[in-house]
Amino acid sequence: MIALVTVMAYCLAGVAVAVVLGRGESRGATRLARAGLHACLWPLFLPVLLPGSSAPTGTESSRIEAAEATLHDALQRLGKELGDPLSLESARVRSLGTALRAASRRLAELDAVLSSPDQDREKLARELAALDSRQDSKPVADILRERLAHLSRLDALRAQARVDLERALARAGELATRLTLLRYEGASAHAAGRARELTDTIDELCRTLEAVRAA
């Protein structure tokens, strides 16, 4: 009976963590797969939700909000000059904001997992060195070696996630500046077409950030 209660409590906690971490993510197979991972291994991801953990910092959140607001404002001002609401382009900006926040949460998850004491690579490396000195411990040493390889891969994914997020933020700022330049160069049908071409870049950014989340 006690075991059943424990299992039910674990499952309920897993579902709760998965729901919270899944907020703001687009629907699809990737979201379902990640929700299942969060539910099954929720103790690893719980630090993301706790105060003082490696969840997105206030500074990072403000940078994302500022990038989205600046880009949206530049687009709206251009649209007003053109007499064109540029509705599709505005929807793209909102999608980019959602993608940036999801990528930021993904990065925070990786930070939390890799900062866990159980994932201390230096400690694991020392344990591996001790096992390598004993011939009868080779099977365990091989498993530990695989674990270290997995952690190295996670660290590489975290580094790439950071690069992609920073690149997306920089590109959003550059795009806002180009849209402003279009507005001052003169509102015309050509400018509207150029604005639509420029916002195609947003789709590329969203795809890059989606790859970060799916990694």
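Sequence positions, counted from 1, serve as the residue numbers for this chain. None of these values were measured; they are calculated from a predicted model.
Between R158 and L110, the shortest heavy-atom contact is CA-CD1, 3.8 Å. Contact detail for A176 and A74: the closest heavy-atom pair is O-CB, 3.6 Å.
Taking CZ of R147 as the reference point, atom CG of L128 lies at 11.5 Å (rounded to 0.5 Å). Note: D164 CG to R167 CZ = 6.0 Å, rounded to the nearest 0.5 Å. To the nearest 0.5 Å, the span separating OG on S104 from CD on E109 amounts to 10.5 Å. Rounding to the nearest 0.5 angstrom, the gap separating the OG1 atom in T70 from the CG atom in L175 is 11.5 Å. How far CZ of R145 is from CG of L131: 9.0 Å, rounded to the nearest 0.5 Å. The structure places CG of L96 at 9.5 Å from CD1 of I64, a figure rounded to the nearest 0.5 Å.
With a 4.5 Å cut-off on side-chain heavy atoms, H150 and Q119 do not count as touching. With contacts defined as side-chain heavy-atom distances shorter than 4.5 Å, the pair I202/S95 does not qualify. Counting heavy atoms from C-beta outward, L179 and L71 have side chains that approach closer than 4.5 Å. The closest side-chain heavy-atom distance from L75 to R92 is not below 4.5 Å. Side-chain contact check for K80 versus Q76: every heavy-atom pair is 4.5 Å or farther apart. In this structure the side chain of L151 reaches within 4.5 angstrom of the side chain of L154, judged on heavy atoms.
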Please step through salt bridge (Lys or Arg N to Asp or Glu O under 4.0 Å) for the pair R105 and E60, ending with a clear verdict. CA-CA 10 Å; R105 286 195 297 272; E60 189 167 83; over 6 Å; no

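We find that R171 and E174 are joined by a salt bridge, their nearest charged nitrogen and carboxylate oxygen being less than 4.0 Å apart. Under 4.0 Å is where a charged nitrogen must lie from a carboxylate oxygen, and between R101 and E68 at least one such pair does.
L169 and V163 are members of different hydrophobic clusters when ILVMFWY side chains are connected at heavy-atom separations under 4.5 Å.
Remark: side-chain polar atoms of S152 are paired, donor with acceptor, to backbone N or O of L148 under 3.5 angstrom. Judged purely by atom type and a 3.5 angstrom limit, T98 uses its side chain to pair as donor or acceptor with the backbone of R94.
Among residues two or more places apart in sequence or in another chain, the side chain to side chain contact (heavy atoms under 4.5 Å, CB included) test is passed with R77 by D73, R183.
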